[in-house]
K.L.:
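Mind having a look at this structure? Questions to follow.
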Amino acid sequence: MKLGVLSAIPHFEPGLAFPVGAYTHCGMNPPQFIFRPNSAFSLVFAFLIAAVVLVSKLPAEELHHSVHRDIVFAEVNGQKLALDLYLPGKQTGPLIVWVHGGAWRGGSKSDMPLGHLLQEGFAIASVDYRLSGVAPFPAQSHDIKSAIRFLRSKGSELGVNADRIAISGASAGGHLAQIVGLTNGNAELEGDVGVTGVSSDVQAIVSFFGMSDFTTLLQQSTPHGLSMRVPALQLFLGGQPDEKPELARLASPVFHVSAKSPPLLLIHGDADPQAPFEQSKELEAAYKKEGARVQFETIQGGGHGGEKFFDDKRIALVKQFLNEVLP
């Protein structure tokens with residue numbers, strides 16, 4: 001959400017005690033309180049309330065946190081790979097690497113929904129990677145691990161503490177967060193893009209409605225899900241899972257779980273029409289089998305994304321989880 005100077009200025013309509021703009025720009029319905037237009041007190045009170053609402057909903061740039069955009073961390077075949085770095089006033093939590101979704105073939109680092117964690121002392125790096133129309137898997141893993149190595153090697157210059165890193169993402173980004181987080185030290189998925197000789201290990205994973213097992217994904221999918229996943233997998237794997245069985249297993253997080261796997265928080269809706277709920281249940285079961293730490297948050301009636309996944313309750317859940325596993 002971006003607010004221009006004019007769009008951020010609230011306006012009044014008769015019969016409303018709160019500025020309409022303060023709510024419409026934040027996706028909220030204005031409450032119906034009555035005020036007298038000639039009352040100076042009502043006007044002052046309304047503007048104060050509007051300021052509180054606007055500040056609570058503004059993006060990072062307007063909350064006085066620093067945002068450094070388009071930091072190039074690598075270049076592959078002439079394509080520059082960049083990240084956006086969001087820094088809190090004082091970093092007290094780990095660095096979160098955010099991976100955007102988009103069926104592996106679309107999306108952008110500009111779509112980063114965890115901004116409210118900046119207020120809790122977390123730094124966030126939202127990364128881009130080669131999309132599947134440019135390069136199939138494991139290029140995406142190579143690029144994200146490259147971004148992590150870059151952040152660790154340049155942390156002091158960038159003003160970020162990258163000793164402790166959690167990786168997170170949604171949908172296809174949730175899958176990529178899982179596969180990167182579960183393959184610490186895996187040479188095949190490490191690659192040699194960009195900075196080398198630095199660890200790309202992550203210490204925690206937070207996955208929002210990601211896929212975890214390509215050998216079962218299509219069987220679990222709805223007709224709508226199949227219409228999305230079949231063409232997406234054709235690009236991502238260079239074929240369907242049954243045509244590329246070894247690559248499908250390599251790209252499936254469930255086959256990389258061990259007792260040493262990083263702590264994992266799964267957030268998934270039980271009515272997801274695109275990424276089957278069973279995918280996260282499979283990964284949870286694999287974690288429990290190995291005795292690794294896993295936490296599962298079910299969004300009752302939740303589909304494939306939406307406000308429920310990033311509301312105050314879930315942001316607080318992510319904060320609590322990361323503070324517990326990365327104190």
Side-chain angles (χ1 to χ4, degrees), residues 99-107 129 131-133 135-141 144 167-183 186 188-189 205-258 261 264-292 294-306 308-309:
V99 186
H100 69 79
W104 305 288
R105 56 184 173 178
Y129 49 87
L131 302 177
S132 59
F137 186 82
Q140 297 72 27
S141 175
I144 297 166
I167 190 165
S168 182
S171 189
H175 160 260
L176 291 173
Q178 294 172 20
I179 197 67
V180 169
L182 285 168
T183 55
N186 184 313
E188 191 172 5
L189 296 182
I205 309 167
V206 179
S207 173
F208 293 86
F209 46 95
M211 289 67 69
S212 65
D213 186 354
F214 291 134
T215 69
T216 60
L217 174 61
L218 296 183
Q219 296 94 306
Q220 295 169 351
S221 295
T222 64
H224 173 68
L226 287 173
S227 70
M228 299 289 293
R229 294 298 157 217
V230 170
L233 288 172
Q234 190 69 33
L235 281 175
F236 185 62
L237 297 178
Q240 296 306 305
D242 60 349
E243 299 170 340
K244 303 274 187 176
E246 291 185 8
L247 186 60
R249 286 180 65 89
L250 179 66
S252 295
V254 290
F255 297 113
H256 298 278
V257 178
S258 73
S261 292
L264 169 68
L265 171 61
L266 294 161
I267 303 175
H268 211 131
D270 61 5
D272 193 324
Q274 291 189 39
F277 181 67
E278 292 81 6
Q279 288 283 295
S280 285
K281 296 302 290 184
E282 279 193 48
L283 189 54
E284 179 192 31
Y287 256 71
K288 288 182 175 180
K289 181 179 179 181
E290 294 292 337
V294 61
Q295 184 173 339
F296 198 114
E297 171 77 356
T298 299
I299 308 294
Q300 299 293 334
H304 196 66
K308 290 181 180 179
F309 290 87

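Keep in mind it's a predicted model, so treat the numbers as computed, not measured.
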K.L.:
State whether a side-chain donor-acceptor pair under 3.5 Å links Q274 with S171.
P.N.:
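On atom types as modelled, these side chains do not qualify, holding no pair under 3.5 Å.
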K.L.:
A side-chain contact here means heavy atoms from C-beta on lying under 4.5 Å apart; do L265 and I205 qualify?
P.N.:
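L265 does not reach I205 side chain to side chain.
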K.L.:
Regarding S207 and Q178, do their side chains bring together a donor and an acceptor under 3.5 Å, going by distance alone?
P.N.:
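Present: a donor and an acceptor within the cut-off.
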K.L.:
One pair to check against side chain to side chain contact (heavy atoms under 4.5 Å, CB included): F209 and S280. What are the steps and the verdict?
P.N.:
CA-CA 7 Å; F209 46 95; S280 285; over 6 Å; no
K.L.:
Got L250 and H256 here, is their nearest side-chain heavy-atom distance under 4.5 Å?
P.N.:
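Result yes, sub-4.5 Å side-chain heavy-atom pair found.
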K.L.:
Check step by step if side chain to side chain donor-acceptor pair (under 3.5 Å) holds for Q295 and E284.
P.N.:
CA-CA 8 Å; Q295 184 173 339; E284 179 192 31; over 6 Å; no
K.L.:
Using the rule given for side chain to side chain contact (heavy atoms under 4.5 Å, CB included), can you reason through L283 versus L266, listing the C-alpha separation, both sets of side-chain angles and the distance that settles it, and then say yes or no?
P.N.:
CA-CA 9 Å; L283 189 54; L266 294 161; 4.0 Å; yes
K.L.:
Taking the six-membered ring for Trp, is the centroid-to-centroid distance between F277 and F296 below 6.0 Å?
P.N.:
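Ring centres of F296 and F277 closer than 6.0 Å.
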K.L.:
Evaluate the side-chain proximity of R229 to L218: yes if any heavy-atom separation is below 4.5 Å, no if none is.
P.N.:
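Sidechains of R229 and L218: in contact.
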K.L.:
Excluding sequence neighbours, so at least two apart, what forms ring-ring contact (aromatic ring centres under 6.0 Å, His included) with Y129?
P.N.:
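Y129: ring-ring contact (aromatic ring centres under 6.0 Å, His included) contacts with H100.
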K.L.:
Check V230 against Q240 and note the closest heavy-atom contact, atom names and distance.
P.N.:
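For V230 and Q240, the tightest heavy-atom pair comes out as O-NE2, 2.9 Å.
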K.L.:
Does F255 have any ring-ring contact (aromatic ring centres under 6.0 Å, His included) partners at least two apart in sequence or in another chain, and if so, which?
P.N.:
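Here no residue qualifies.
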K.L.:
Using ring-ring contact (aromatic ring centres under 6.0 Å, His included) as the criterion, list what pairs up with F137, not counting sequence neighbours.
P.N.:
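With neighbours one apart ignored, the set is F236.
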K.L.:
To the nearest 0.5 angstrom, please state how far the CG atom of D270 sits from the OG1 atom of T298.
P.N.:
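Those atoms lie 6.5 Å apart.
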